[in-house]
Amino acid sequence: LIPLNISFVTLAAMTAFFPYISENFNKKTFLANTYFKFLKYSFVFALFVVILLVNISDFVIPFLFGESYLGSITSFNYLLIGATFGASFRIVSGNYLAALGYVKENMYIAIFSIMLNVVLNYYLILKYGIEGAAISTAIVLAVSGFLGFFLIITKIKTHKLQRLVE
């Protein structure tokens, strides 16, 4: 619950900025500059929150959920690491793709992420239990974020930007 809510601030900012990205879909410099600013600020914010929460997780988990949840601290920390990439790369890239009309590409990333999550969960849960599920989720958040990142970079770099949705 807590790790995945780190993306709330980035998601709110992207939602507010969505119309500007969409309006300027054909301005390569604007898109590149704003994309990297969003990435930088969202990553720094998420990293700050994650470092803080990892360092106080021994206190936060028992305080919020009780002593019986002390065994979940490692899983919590794995999810926090994944949330750093989810709150920055995945949220920013996913919203940029949608604003530029690349909804289908966003869908492909989501479908791939689901399949990867199922496969990783199968193997990692068998081997590591609940920590395997946390590791799987962290990996999927990072991979999906980087896929979106590379797709956006390719679209901006080659300037193959077109309004696909009116």
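In this text, all values refer to a predicted model and were calculated from it rather than measured experimentally. Reckoned from all heavy atoms, side chains included, excluding hydrogens, waters and symmetry mates.
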Pair up each side-chain donor or acceptor in residues 43-69 with any protein partner under 3.5 Å, not counting sequence neighbours, and list the distances.
from: N55; atom 1: ND2; to: I51; atom 2: O; distance (Å): 2.8
from: S57; atom 1: OG; to: V54; atom 2: O; distance (Å): 3.1
from: S57; atom 1: OG; to: N77; atom 2: OD1; distance (Å): 3.4

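Here K127 contributes atom NZ and I135 contributes atom CD1; the two are 10.0 Å apart, rounded to the nearest 0.5 Å. Taking CD of E105 as the start and CG of L97 as the end, the distance is 7.0 Å to the nearest 0.5 Å.
For F36, the side-chain contact (heavy atoms from CB on, under 4.5 Å) test picks out L39, F149, I153, with sequence neighbours left out. The side chain to side chain donor-acceptor pair (under 3.5 Å) check on S113 picks up nothing, with sequence neighbours excluded. When the side chain to side chain donor-acceptor pair (under 3.5 Å) test is applied to S136, the partners found at least two apart in sequence or on another chain are N117, N121. Contacts of V119 classified as side-chain contact (heavy atoms from CB on, under 4.5 Å), with partners at least two apart in sequence or in another chain: Y123. Not a single side chain to side chain donor-acceptor pair (under 3.5 Å) links Y78 to another residue, sequence neighbours left out. Applying the side-chain contact (heavy atoms from CB on, under 4.5 Å) rule to I111 yields the partners M107, M115; only residues at least two apart in sequence or on another chain are considered. For the side-chain contact (heavy atoms from CB on, under 4.5 Å) test, residues two or more places apart in sequence or in another chain that qualify with F38 are A13, M14, F17, V92, Y96.
The two residues A87 and S42 come nearest to each other via the heavy atoms O-CB, 3.9 Å.
Follow the hydrophobic side-chain contacts under 4.5 Å out from I125 and you never reach I139; the two are in separate clusters. Under a hydrophobic clustering in which Ile, Leu, Val, Met, Phe, Trp and Tyr are joined whenever their side-chain heavy atoms come within less than 4.5 Å, directly or via other members, L151 and F112 fall into the same cluster. Note on L116: it clusters hydrophobically with F150, by side-chain heavy-atom contacts below 4.5 Å among ILVMFWY residues. A single hydrophobic cluster is seen to contain both L124 and I81, as judged by linkage of ILVMFWY side chains at heavy-atom distances under 4.5 Å, directly or through other members.
Within a 6.0 Å sphere centred on CZ of F146, heavy atoms belonging to other residues, nucleotides or ligands number more than 12.
Counting only heavy atoms from C-beta outward, the side chains of T137 and L141 approach each other to under 4.5 Å.
Counting only N and O atoms by type, the side chains of S93 and Y35 include a donor and acceptor under 3.5 Å apart.
Here F30 and Y20 keep their ring centres 6.0 angstrom or further from each other.
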